[in-house]
Visitor: 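Shown below is the structure under consideration.
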2 protein chains.
Amino acid sequence: MNSDFVIASHSLVLLANLPDHMANSDTIAENVCTNPARVRKVMSALRKKGFVRTKEGIGGGYILNCNPEKTTLSQIYLAISTGSLKPNWCTGDPDQKCIISSNAQNVMDQIFYESEMHLQSYLNEITISSVLERIKSLE
Amino acid sequence: MNSDFVIASHSLVLLANLPDHMANSDTIAENVCTNPARVRKVMSALRKKGFVRTKEGIGGGYILNCNPEKTTLSQIYLAISTGSLKPNWCTGDPDQKCIISSNAQNVMDQIFYESEMHLQSYLNEITISSVLERIKSLE
DNA sequence: TCATACTGTAACTTTAATATATACAGTTAA
DNA sequence: TTAACTGTATATATTAAAGTTACAGTATGA
């Protein structure tokens, strides 16, 4: 699992909670505890999918561009981390005679793909707002 | 996601398919494409959970000790990779005043825990035998 | 219009995770 | 009693992830 997903979720929750729904990469980076360049990279991906819009120049930053009541972690996962469930390491060898060795990775790929679908159906029940509520309820 | 889960699954499928349900770490390592020491480490964990038993000494190796029709990938995941869905990287800072920064990781932990439960309920539908069938159907 | 404060992105460096290699004690069978 | 195994630890190598730096492009406002 890619931690970009965590950064994206955290950042959107943060924006949702701010009165003007806006913050720059320095502010987000401090809240998330990472560096501004990494935040910009993740936010840039979110912008391309329409979750935020950006304002460049002085007084600029990222502005929430989606309804936090309607936006789910599934959508964020899809935008940021599709395919990250599957490990990079591959099992077996496609060139071996043994069909288990040569086909195991293909079947594992299927299984990871289907797992990811199931994961997404769960994440689809969790909205940005509900994450914010959970955070507030921990106080 | 830990690739040990892939190695464990592949190895059990391989054993299930062998006439005597037995193989040593060299044979498994060659089929899986890794080194024998790694295979032994994974198989040792499977042994501790009763999925295989081992025979040391000459002519020894790993012997399947579970019903492949009944053994699911969920059980294997539980034995080998529990907790591996969650990334190691942590968001926010527990010591910050902002409750989003200080609580985000706790909530993400909850979400990853629940995600893992859902993942397991899906993996619980997949048996070692069904993986073997999928592999054979790819020929 | 020029200095300033932003984003976007790429290249480089550092760190951490993952995988491999090696070694050897313990076990069992011939 | 030797040979072929497992179990496990440790060291090494490789790869992925994260952090750092740098700078071009853009908007704002003095």
Side-chain angles (χ1 to χ4, degrees), chain A residues 1-8 10-11 15 20 22-65 80-81 83-93 105, chain B residues 1-8 10-11 15 20 22-65 80-81 83-93 105:
Chain A
M1 175 69 72
N2 195 322
S3 62
D4 285 358
F5 169 69
V6 175
I7 292 179
H10 183 151
S11 301
L15 291 182
D20 56 355
M22 180 169 179
N24 66 25
S25 62
D26 274 44
T27 303
I28 297 171
E30 202 194 340
N31 200 279
V32 165
C33 275
T34 185
N35 58 82
R38 192 176 180 199
V39 169
R40 291 200 289 270
K41 199 174 148 216
V42 172
M43 296 310 277
S44 181
L46 289 179
R47 176 182 54 81
K48 283 167 187 165
K49 300 289 180 171
F51 295 103
V52 296
R53 59 181 209 277
T54 61
K55 203 178 158 190
E56 296 191 8
I58 291 181
Y62 300 92
I63 303 152
L64 194 66
N65 195 41
I80 300 289
S81 302
S84 72
L85 191 59
K86 178 184 138 183
N88 303 312
W89 192 87
C90 288
T91 195
D93 170 9
Q105 186 59 51
Chain B
M1 176 71 70
N2 196 323
S3 61
D4 285 357
F5 169 69
V6 174
I7 291 179
H10 183 150
S11 301
L15 291 181
D20 56 358
M22 180 172 178
N24 66 25
S25 62
D26 274 44
T27 303
I28 296 171
E30 202 194 340
N31 201 278
V32 165
C33 276
T34 186
N35 57 84
R38 190 177 182 196
V39 168
R40 292 201 288 271
K41 198 174 148 216
V42 172
M43 296 310 277
S44 180
L46 289 179
R47 175 182 55 80
K48 284 168 188 164
K49 300 288 180 171
F51 295 104
V52 297
R53 59 181 208 276
T54 62
K55 204 177 156 189
E56 296 192 8
I58 291 182
Y62 300 92
I63 303 150
L64 195 66
N65 194 42
I80 301 288
S81 302
S84 72
L85 189 59
K86 177 183 138 181
N88 303 312
W89 190 88
C90 288
T91 194
D93 170 10
Q105 186 59 51

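Just so you know, these numbers come straight off a predicted model, no measurement behind them. Residue numbers begin at 1 in each chain, while the letters A, B, ... track the order of the sequences.
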Visitor: Measuring only between side-chain heavy atoms, which start at C-beta, is B/Leu85 closer than 4.5 Å to A/Leu85?
Guide: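 Yes - at least one pair of side-chain heavy atoms lies under 4.5 Å apart.
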Visitor: To the nearest Å, how far apart are A/Lys41 NZ and D/dG19 C1'?
Guide: 11 Å
Visitor: Please pick, from C/dG8, D/dA18, D/dC5, the nucleotide with the shortest atom-to-atom distance to any side-chain atom of B/Asn24.
Guide: D/dC5
Visitor: Would you classify A/Asp26 as touching base, sugar-phosphate or nothing, given that sugar-phosphate means primed atoms plus P, OP1 and OP2, and contacts are heavy atoms under 4.0 Å?
Guide: nothing
Visitor: Using atom CD1 of B/Ile63 as one end and atom P of C/dT27 as the other, report the distance to the nearest whole Å.
Guide: 17 Å
Visitor: Tell me the interatomic distance from A/Glu30, atom CD, to C/dC6, atom P, rounded to whole angstroms.
Guide: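 After rounding, the reported distance stands at 13 Å.
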Visitor: How many angstroms lie between CG in A/Leu46 and CD1 in A/Ile80, if you round to the nearest 0.5 Å?
Guide: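 Nearest 0.5 Å value for the CG-CD1 distance: 4.0 Å.
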Visitor: So A/Arg38 and A/Ser3, side-chain contact (heavy atoms from CB on, under 4.5 Å) or not? Walk me through it.
Guide: CA-CA 11 Å; A/Arg38 192 176 180 199; A/Ser3 62; 2.8 Å; yes
Visitor: For B/Trp89 and D/dG19, give me the distance from atom CH2 to atom C1', rounded to whole Å.
Guide: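 Distance, rounded to whole Å: 11 Å.
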Visitor: For B/Asn2 and B/Phe5, indicate whether the former's side chain and the latter's backbone hold a donor-acceptor pair under 3.5 Å.
Guide: no
Visitor: Would you kindly give the CG-to-P distance between B/Asp4 and C/dT18, to the nearest whole Å?
Guide: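 It is 9 Å, rounded to the nearest whole Å.
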Visitor: Calculate the interatomic distance between A/Arg53 atom CZ and C/dG8 atom C1'; express it in whole Å.
Guide: 18 Å
Visitor: When rounded to the nearest 0.5 angstrom, what is the spacing between CG in A/Asn24 and NZ in A/Lys55?
Guide: 12.0 Å
Visitor: Could you tell me whether the phosphate oxygens of D/dC5, OP1 or OP2, come under 4.0 Å of any side-chain nitrogen or oxygen in B/Ser25?
Guide: no
Visitor: Is A/Ser44 near enough to C/dT7 that one of its side-chain N or O atoms lies under 4.0 angstrom from OP1 or OP2?
Guide: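 Answer no for this pair, as no side-chain N or O of A/Ser44 is under 4.0 Å from OP1 or OP2.
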Visitor: Atom CE of B/Met22 and atom P of D/dA4: how far apart are they, to the nearest Å?
Guide: 15 Å
Visitor: Can you measure A/Asn88 atom CG to D/dT14 atom C1' for me and round it to whole angstrom units?
Guide: 13 Å
Visitor: Assign a letter to each nucleotide of nucleotides 20-30 of chain D from its 5' end: B, base within under 4.0 Å of a protein heavy atom; S, sugar-phosphate only; -, no contact.
Guide: BBB--BBBB--
Visitor: Considering every strand and a 4.0 Å limit on heavy-atom distances, what is the contact class for B/Arg47: base, sugar-phosphate, or nothing?
Guide: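 Result for B/Arg47 = sugar-phosphate.
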Visitor: Quick check: on DNA chain D, is the nucleotide nearest B/Met43 upstream (toward 5') of the one nearest A/Ser3, or the reverse? Name the residue that is more 5'.
Guide: B/Met43
Visitor: CG/B/Asn65 to OG1/B/Thr54 distance, rounded to the nearest 0.5 angstrom?
Guide: 10.0 Å
Visitor: side-chain contact (heavy atoms from CB on, under 4.5 Å) with A/His10: which of A/Val32, A/Ile28, A/Val42?
Guide: A/Val32
